Colleague: 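My questions will all concern the structure given below.
Values reported hereafter were calculated over all heavy atoms of this structure, with side chains retained and with hydrogens, waters and symmetry mates removed. Below, read A as the first sequence line, B as the second, and so on, with proteins coming before strands; counting in each chain starts at 1. In this text the structure is predicted, and so the values were computed from the model without any measurement.
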Protein chains: 2
Amino acid sequence: MPEAAGKVDLKDIAEYLSLSTCTVSRILNNRMGSAKYKQETIERVKKAAKKLGYQPNYLARSLSMDKTMTVGLCVADIASPFFGRFAVIFQQEAARRGYSAFLCNTNSDKELEKRYLNELLSRRVDAVVVSSSLGAEISGWIEHARDMGRRVILFDREADGIAAPLVTVDNRAAMSKLARSVLNSAETGTVGVITGDPADRSLAQRLEGIRDALRDANIDEIHLVIAETGSTSAAHGRQSFRQLWEHKPGLVFSLACDLTVGAVQDAFSLRLEPGSDFRLACFDDFPGREWLRCDIPYVSQPVEQMAEICARLACQPEEPAVEHIVLPAGEGKSPADS
Amino acid sequence: MPEAAGKVDLKDIAEYLSLSTCTVSRILNNRMGSAKYKQETIERVKKAAKKLGYQPNYLARSLSMDKTMTVGLCVADIASPFFGRFAVIFQQEAARRGYSAFLCNTNSDKELEKRYLNELLSRRVDAVVVSSSLGAEISGWIEHARDMGRRVILFDREADGIAAPLVTVDNRAAMSKLARSVLNSAETGTVGVITGDPADRSLAQRLEGIRDALRDANIDEIHLVIAETGSTSAAHGRQSFRQLWEHKPGLVFSLACDLTVGAVQDAFSLRLEPGSDFRLACFDDFPGREWLRCDIPYVSQPVEQMAEICARLACQPEEPAVEHIVLPAGEGKSPADS
DNA sequence: CTGTTAGCGCATTCAG
DNA sequence: CTGAATGCGCTAACAG
């Protein structure tokens, strides 16, 4: 039990033992060159620290070491399934390495993202892991961050010409594969696609994947209807579906989780049901998929793996190599594999 | 654009202008006593700061002010819908007030939670907001935190005899109301309840609410079957439903979101469907509820409001009053109100 | 094996 | 109206 809780610092415990703060610091951090300090001193110090209820002040430590053992996690919306699961694993893996994580929700707002990014630098995080909506615009900031000796890791959203490691899934290949298998299974009529901001390279890649499949199936793109505006929100998914439905598509691709949710919601409100009234295939799993009346084929992302990799890159001392790490996505269809 | 990016501190800009760091500091923080400094100096300083790309070092500032403008958010699982939405609003509201938030996922593990809590103190967060699984056990730590001058706000999970503000919904009343309306609507046969750790006071309150309703409906508790073990995970929900189904309940109450998801999953895998094979009512909304074939009555929590209140209490300078803030929960039934 | 000294970058008394 | 000096708590050269 702490005695003078909350107000004990290194000096206190040093004076208490008639030692120097230096000694205490080194012992408490196991940072003594090589087999120095007698065992007895070590014991005494540790005991005293516990007894006095010493809690190191990470601020002071960070200031003097220029190392905070913190990372910033910047995502569009932590409440979305993908980022939620990502965050859990990421935070866990970071913690395993002694790191704490700041959370920022950008809501895909560019200005807000910039503010958060700089805020994180001011807080001297050692690294920031970001699913950025800035695209190539982020280059300048990355350089800045590197000048400050901070690591930057991008994930989820693709971007070109970026001087930072980038962790994504193989959006195009995965979507193409999914589309191919779906297109093969029957004649389809009009094909609808629900996507978000066309400037989002990840979404663009997914769309390309679909185009690849259409080409291979010798389907004219004239049968392709694309609803692409704004964000990847459920609201936009609803709106897009509504818009798409005017073309009575036999097959609908949704390119992001929230879009899918919105699309299904709107379909239901039109008394339509995926599987019977139209076929649905989508990128990423979505909540409640398991209890739709039919199986919805989807591209399943290796979220946990992404999060682990990002945590590793962010929490290792060395500057991570600038490379695009492309993870293979899986295919999901049958319910309840969670 | 930053010139010597990342390496400019107060002293740099002070020397650059032949001023003292003190002057610069005061101007940049708008902390000049009362109408001091000529307008010109002020302009010069601000201009120079921008030009040199000055980024304040929050660590140093925090160290000297004993105020970090950070808060810790400690929840069981950020990937759950409730905490996810909570976190979004909380982080947003905190940011509005200049605060950054550390995220910790305890996974309802008591030891882990304790570790995180202390870690947060070491990082000198100004406040921590926690949905604690420690129950009354947390008292000691709260005292410790207060000794260190840190604010503590509890939410979501009830606990007695706690010297900190507590923000919850009226678990018992809400659940009782829901149960009453459901029990009235037909004769029910066996009533099943899926809950988690019996030591969780919030869950206990919800269960009490059901008991209240049974009593009012003159239903003997002999018809009540309770599945209560372990956590509130989907896995446990599945297992509990399986177990419950042996009693062929006509009505099932699920007391937490993830439990509900698990229960529905298991029902489906048994080729049972809520609405036709048994009635389901639950605490909290759950993902995909909208496309079940029947409406599921549920208690809807005022998440956003909770988050706002917590953010306000955490980010205000004054020590928040020790009080139990009980928010009324709503009732949901019809789909798509998001 | 242990202690002295000097910062880390900023805010803040006090003097001018 | 402005600056010099001090300290926040800790780490890390450099001595002994």
Colleague: Over how many whole Å does the gap from Lys67(B) atom NZ to dG9(D) atom P extend?
Modeller: 17 Å
Colleague: Specify the residue among Ala60(B) and Ile27(B) whose closest nucleotide of DNA chain D lies further upstream toward the 5′ end.
Modeller: Ile27(B)
Colleague: Among dC10(D), dC1(D), dC10(C), which is the nearest nucleotide to the side chain of Tyr54(A)?
Modeller: dC10(D)
Colleague: When you get a sec, tell me which of dC10(C), dA11(C), dT2(C) is the closest nucleotide to the side chain of Asp9(B)?
Modeller: dC10(C)
Colleague: Rounded to the nearest Å, what distance is computed from the CG atom of residue Leu28(A) to the P atom of nucleotide dA12(D)?
Modeller: 14 Å
Colleague: Using a 4.0 Å heavy-atom cut-off across all strands, classify Ser18(A) as base, sugar-phosphate, or nothing.
Modeller: sugar-phosphate
Colleague: What I'd like to find out is whether the side chain of Phe82(B) reaches to under 4.5 Å of the side chain of Val75(B), using heavy atoms alone.
Modeller: no
Colleague: Is any side-chain N or O of Thr23(B) closer than 4.0 Å to OP1 or OP2 of dT2(D)?
Modeller: no
Colleague: Let me know the distance between CG of Leu19(A) and C1' of dT4(C), rounded to the nearest Å.
Modeller: 14 Å
Colleague: With a cut-off of less than 4.0 Å, is there a side-chain N or O of Asn57(A) near OP1 or OP2 of dC8(D)?
Modeller: no
Colleague: Counting heavy atoms from C-beta on, name the nucleotide in dA4(D), dA11(C), dC1(C) closest to the side chain of Arg61(B).
Modeller: dA11(C)
Colleague: Is it true that Ser133(A) and Glu113(A) share a donor-acceptor pair across their side chains at a distance under 3.5 Å?
Modeller: yes
Colleague: Is the closest side-chain heavy-atom distance between Ile27(A) and Ile42(A) below 4.5 Å?
Modeller: yes
Colleague: Taking CG from Asp66(A) and P from dG9(C), how many angstroms apart are they, rounded to a whole number?
Modeller: 7 Å
Colleague: In whole Å, what is the span from the CD1 atom of Ile13(A) to the C1' atom of dG9(D)?
Modeller: 13 Å
Colleague: Hey, do the aromatic rings of Tyr116(B) and Phe102(B) have their centres closer than 6.0 Å?
Modeller: no
Colleague: Report yes if a donor N or O on one partner sits less than 3.5 Å from an acceptor N or O on the other, where the partners are the side chain of Arg26(A) and the base of dG3(C); otherwise report no.
Modeller: yes
Colleague: Hey, which sits more toward the 5' end of DNA chain D by its nearest nucleotide, Thr41(B) or Leu10(A)?
Modeller: Thr41(B)
Colleague: Measure from CE on Met69(A) to C1' on dC10(D) and round the result to the nearest Å.
Modeller: 15 Å
Colleague: For the residue pair Leu154(B) and Val167(B), establish whether any side-chain heavy-atom pair is separated by less than 4.5 Å.
Modeller: no
Colleague: By the 4.0 Å heavy-atom rule, please label Leu59(B) as base, sugar-phosphate, or nothing.
Modeller: nothing
Colleague: Starting at atom NZ of Lys11(B), determine the distance to atom P of dA4(D), rounded to an integer number of angstrom.
Modeller: 13 Å
Colleague: May I ask you to evaluate whether Ser25(B) reaches the phosphate of dA11(C), defined as a side-chain N or O under 4.0 Å from OP1 or OP2?
Modeller: yes
Colleague: Does a side-chain N or O of Ser64(A) approach OP1 or OP2 of dC8(C) to a distance below 4.0 Å, or not?
Modeller: no
Colleague: Would you say a side-chain N or O of Tyr58(A) is under 4.0 Å from OP1 or OP2 of dC8(D)?
Modeller: no
